[in-house]
Structures are given as structure tokens and as C-alpha cells.
Amino acid sequence: MNDVLVGRALTKRFGQTVALGGVDIAIRAGEAVAIMGPSGSGKSTLLHCLAGIMKPDAGEVHLLGQRIDAMGERKRSALRRTRFGFVFQFGQLLPELPAEENVALPLMLGGVARAQAVRQAREWFAPLGLQSMESRRPGELSGGQAQRVAIARALVSKPAVVFADEPTGALDQRTGQDTMRLLVEATRHNDASLIVVTHDPNVAAWCDRTVEVRDGQLLAGGVPA
Ligand SMILES: Nc1ncnc2c1ncn2[C@@H]1O[C@H](COP(=O)(O)OP(=O)(O)OP(=O)(O)O)[C@@H](O)[C@H]1O
């Protein structure tokens with residue numbers, strides 16, 4: 001009930017390596033889930049399969065009841081653009097564009113006219129503590145500010161699910177905690193679900209629950225301490 005994103009029996013191999021060995025996972029509407037586990041355990045592979053970036057060898061991914069893993073690449077990429085948002089370890093902002101255009105980009109790619117898209121993008125700056133940063137280029141922002149611009153970009157299309165892969169990995173402890181709090185609050189405020197891959201228990205602690213991946217298998221997770 002109320003599952004937004006469901007992965008069933010997800011399996012992915014790279015040569016002899018079984019990166020995912022039949023994983024079942026269900027993400028409910030509005031919840032924040034941390035995916036933890038040792039290096040090489042399959043966390044990123046799981047995230048990429050759920051996000052439609054990677055096709056699993058077997059298994060299924062359903063978004064709001066619609067099977068997405070079997071779609072063609074064009075349809076899947078349109079869906080990624082409109083229904084999913086992404087925050088990566090290093091913001092991955094386009095260095096030549098001002099912050100507001102970086103945020104506006106998903107809207108423009110979806111066909112919104114530039115002026116309108118930038119207007120909508122600007123609305124995100126104050127709530128994320130980015131007042132007067134609109135016209136700065138990514139190189140003129142601190143790591144924490146750049147990550148907040150990336151959060152705005154992930155949410156601007158009102159996605160159903162935001163995926164974050166080590167979103168605080170490049171930040172110091174304090175900035176990382178502030179950034180994670182903003183990420184969780186902003187996704188919650190927008191009724192989006194959040195899936196965060198992290199090594200850091202302090203990051204996972206912001207989420208509603210944690211699941212652990214070991215050797216391509218999902219271990220039962222709990223509510224973070
Ligand atoms: N493109 C690829 N080609 C070959 N092997 C891969 C590829 N991507 C991942 N793997 C392997 O699959 C396994 C799972 O990798 P994955 O990146 O999902 O782990 P992870 O838990 O995210 O690790 P980390 O925390 O170090 O990022 C690893 O053994 C990895 O070496």
C-alpha cells in the first residue's frame with residue numbers, strides 16, 4: 001500500500017561478479033530510506049537499477065504501479081527527467097551556467113520556456129538559504145552551497161522520488177549534516193520519497209529507515225538510532 005517505487009528480485013551481474021543477487025525493496029510515499037553497506041556490496045547498482053539508469057539482468061522495477069525497467073531508453077529517460085530527481089556526491093552542476101539556470105535545466109529539458117523556468121528556479125533559493133546566489137557560477141559557490149543548488153535542481157520538477165548517492169561525501173561533517181537536514185526537509189515538504197546511498201551513520205540517521213546491502217543481498221534494516 002502506498003508504495004511509490006518497488007524493486008522485485010533485482011539481479012545484476014558484471015562478468016563473474018554478482019552485484020545484486022535478487023533484491024526486493026519497496027519505498028513508500030514520502031519516506032526517506034538510507035541504503036548502507038560495505039564498499040562494493042551493491043548499493044550504487046541497486047540505486048541505478050531503481051532509478052532506471054541501469055537495466056537489471058532480471059527482476060522488475062515499478063514506479064507508481066507502472067513497470068519501468070522494460071521500457072525503451074527514450075521513455076525511461078523522459079521518466080527519469082520528470083519523476084525522479086538526483087543529487088550526486090559532487091553536485092555535478094554545469095560550470096558555465098549560473099546557479100539559477102542549473103536549477104532551471106530540468107524544467108527547460110521538459111519544455112518549459114527559459115524565462116518561466118528561471119522564475120520557478122529562483123523560488124528555491126531562499127528556502128535553501130541561497131539568497132543572492134542566483135547568478136553565481138558553481139565555481140563561485142562553496143561545496144555546501146553547490147550541494148544546495150543540486151538539491152534545488154533535484155526537486156524543481158516536483159519528482160516522486162529523489163535519489164542521492166553519497167550527497168554529503170565531499171563535505172565536512174558540519175556542512176554535511178546541514179545539507180542532509182535540508183535535503184530531508186525539502187523532499188518531505190515536496191511529498192517526495194528519498195533514497196540515499198551513504199557510508200555515514202550520521203547521514204542515515206536523518207532517514208526514516210535504513211536498509212543494508214551485503215554481497216548483493218538486502219539485510220533487514222531498522223529505524224536509525
Ligand atoms: N560497470 C561495472 N563493471 C564491472 N563491475 C562492476 C561495475 N559496476 C559495479 N561493479 C561491481 O559490482 C559490485 C557492486 O558495486 P557497487 O558500485 O554497486 O557497490 P557499492 O556498494 O556502491 O560500492 P561503494 O560503496 O564502494 O561505492 C562490486 O564488486 C563492483 O566492483
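Both ligands and their constituent atoms are indexed starting at 1 by order of listing.
Side-chain polar atoms of Asp178 and Thr175 form no donor-acceptor pair below 3.5 angstrom. Using a 3.5 Å distance cut-off with no hydrogens or angles, the side chains of Trp124 and Glu100 do not pair a donor with an acceptor. Side chain to side chain, Arg119 and Gln116 meet the donor-acceptor criterion of an N or O pair below 3.5 Å.
Taking a heavy-atom cut-off of under 4.0 Å, ligand 1 is surrounded by Phe14, Thr17, Ala19, Pro38, Ser39, Gly40, Ser41, Gly42, Lys43, Ser44, Thr45, His199.
More than 12 non-hydrogen atoms from other residues, nucleotides or ligands lie less than 6.0 angstrom from CZ of Arg67.
The aromatic rings of Phe88 and Phe86 sit parallel, their planes meeting at an angle under 30°, below the 60° perpendicular limit.
Ionic pairing of Asp69 and Arg8 is not present here: no N-O contact between side-chain nitrogen and carboxylate oxygen is shorter than 4.0 angstrom.
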